[in-house]
Amino acid sequence: MDFSKTTANTRILGTFAWIGAKSLIWVVLALASLIAFEDFARNSQTWLSPLSSDERDFNIEQLRLYAQILTAIFSIYFATIGIILSAGYTKLRRDIIYMLTNEQVGSVYARVLVLAAMFCLAATTLPMFGFQPGLFVYISGTVLTLLSAMALFPLGQRLFNFFDLNLLVRSEILPDIARHIEGAANPKKSRSLANHHSKSARTSLEQLSYIDDRVKADRQSLQDNLPALTSDYTSLLLHYLGQKHRIDGDSYWFPRKSHHKQWFFAGDSATSMALQTSSQQMLVEEKPNHEWLENEIVEKLADHVKAAFMPCDCLAVFPYAHLPTQINFSSTSACGSSRNSSL
């Protein structure tokens, strides 16, 4: 057990080291390119005068200040996420926590912050290697800092919405299920490959069911969260029904369900073989369950109706149930392209 934990920790540290090394390589290449381009511009253009020693010192101090600000923002951001997870999400499943901390918006902003901080820190060390950060390096550091400062607004909004699992459903889980539905409906793919899409869709549906159980367990915020989740399930059902006719009836998208034949309907050969081998395997056949996804969704919707009537009036829990539902499903194909389908 200790060896496995040590191996896992070593793998995690190696992953962080590799990410840092890749970022540092890109920063070094960017700095070298900016310095070379500025030297070329100064040699070919007369209007670009050389910087004085005071101007160079000012640039270095400003870049050092930028690096401190960006490092503080980055530290506060992840410290806040850690506090939120420890305070409100200690009982969440590990895969749900992973989706929360690695969703696309937060990952992009975190990478921008890290890249900008490393760029400014690396620029301040250039005099140690005989180089001086010129005007282009200073302008690039200023632009990266401004972009990171502008990113504070969506970052703050994301932190305020961190406890809203409905956003996670709409941004991560529903698009993932829609992508697997379209993968199974693609006639160019084999029927056996649809088994992969089916298993992945069932995993995402299990995550959605887990969030559904947590939403229904929180009676205080049920009126706020349950209508949105019901809308998500309804949109998913409508999207699937619009794609289902494209899926082959024998596709492995539909999980197989064992069905035992009645011996007097099984035929002479199957009955005789079963008697000779003392096994009923010949009387068992597997049939595709063509309504597995619809049954899962309808069962959840029925539970929502029951939950709506338990604490209060149904119209109080579903104040917008009469309005049409519209959700954009964005799915990414295997080659990396994305498609959006709006219900």
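Owing to the predicted nature of the structure, the values given are computational and were not obtained by experimental measurement.
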**Asked** For R170 and A228, which heavy atoms make the closest approach, and how far apart are they?
**Response** NH2-O, 4.0 Å

**Request:** Tell me, please, which residues at least two apart from E61 pass salt bridge (Lys or Arg N to Asp or Glu O under 4.0 Å).
**Result:** R64

**Item:** Side-chain (S44) to main-chain (F40) donor-acceptor, under 3.5 angstrom
**Value:** yes

**Prompt:** Taking C-beta and beyond as the side chain, do V114 and M118 meet within less than 4.5 Å on heavy atoms?
**Reply:** yes

**Request:** Answer whether the closest heavy-atom distance between the side chains of L115 and F119 falls below 4.5 Å.
**Result:** no

**From L301 atom CG to L237 atom CG, the distance as rounded to the nearest 0.5 Å** = 7.0 Å

**Asked** Heavy atoms, side chains only, cut-off 4.5 Å: are Y233 and V169 in contact?
**Response** no

**Message:** Count I, L, V, M, F, W, Y as connected when their side-chain heavy atoms are under 4.5 Å apart, and connections chain through other members. Are V298 and V305 then in the same cluster?
**Reply:** no

**Complete:** Note: G134 and N59 closest approach over all heavy atoms is O-ND2, 4.1 Å

**Request:** Drop me the distance from I177's CD1 to R179's CZ, to the nearest 0.5 angstrom.
**Result:** 11.0 Å

**Message:** Tell me the closest heavy-atom pair linking R256 and D250, and the distance in Å.
**Reply:** NH2-O, 3.0 Å

**Message:** So which atom in W253 and which in S198 form the shortest heavy-atom distance, rounded to 0.1 Å?
**Reply:** O-OG, 2.9 Å

**Message:** As a quick check of understanding, evaluate side chain to side chain contact (heavy atoms under 4.5 Å, CB included) for T203 and H180, giving each step before the final call.
**Reply:** CA-CA 11 Å; T203 300; H180 290 298; over 6 Å; no

**Item:** Expected output: side-chain N295 to main-chain E291 donor-acceptor under 3.5 Å
**Value:** yes

**Item:** 4.5 Å side-chain heavy-atom contact, M128 and T125
**Value:** yes

**Request:** Look up atom CD1 in I139 and atom CG in L144, then write down how far apart they are to the nearest 0.5 Å.
**Result:** 12.0 Å

**Asked** Are I60 and F131 joined in one hydrophobic group, where the rule is that I, L, V, M, F, W and Y side chains link up if heavy atoms are under 4.5 Å apart?
**Response** no

**Message:** Tell me whether K244 is salt-bridged to E294, with the criterion being a basic N under 4.0 Å from an acidic carboxylate O.
**Reply:** yes

**Asked** Is the charged tip of R56 near the ring of F58: under 6.0 Å from the six-membered ring centre and within 45° of its axis?
**Response** no

**Asked** Ignoring hydrogens and geometry, is there a side-chain-to-backbone donor-acceptor pair from T142 to Y138 under 3.5 Å?
**Response** yes

**Heavy-atom side-chain contact between K216 and H304 under 4.5 Å** = yes

**Asked** Is it the case that one hydrophobic cluster holds both V137 and V143, taking links as side-chain heavy atoms less than 4.5 Å apart, direct or via other members?
**Response** yes

**Item:** Separation between CG of L121 and CD of Q68, rounded to the nearest 0.5 Å
**Value:** 8.5 Å

**Request:** Could you check if a side-chain atom of I73 sits within less than 4.5 angstrom of a side-chain atom of S148, using non-hydrogen atoms only?
**Result:** no

Donor-acceptor pairs under 3.5 Å, side chain of residues 22-38 to any protein atom, not counting sequence neighbours: which ones?
from : atom 1 : to   : atom 2 : distance (Å)
S23  : OG     : I19  : O      : 3.0
S33  : OG     : L29  : O      : 2.8
E38  : OE1    : L135 : N      : 3.2
E38  : OE1    : F136 : N      : 3.3
E38  : OE2    : R42  : NE     : 3.2
E38  : OE2    : R42  : NH2    : 2.7
E38  : OE2    : L135 : N      : 2.8

**S200 versus D176, closest heavy-atom pair with distance** = O-OD2, 4.4 Å

**Item:** Smallest separation among heavy atoms of G141 and T145, with atom names
**Value:** O-OG1, 2.8 Å

**Prompt:** For the atom pair CG (N186) and CD1 (I181), what is the distance rounded to the nearest 0.5 Å?
**Reply:** 14.0 Å

**Message:** With heavy-atom distances below 4.5 Å as the criterion, would you say the side chains of F254 and N289 are in contact?
**Reply:** no

**Request:** Would you indicate whether the side-chain heavy atoms of L293 and L205 approach each other to under 4.5 Å?
**Result:** yes

**Aromatic ring proximity H197/Y252, centre distance under 6.0 Å** = no

**Request:** Give, for atom CG of D232 and atom CG of L174, the distance between the pair rounded to the nearest 0.5 Å.
**Result:** 5.0 Å

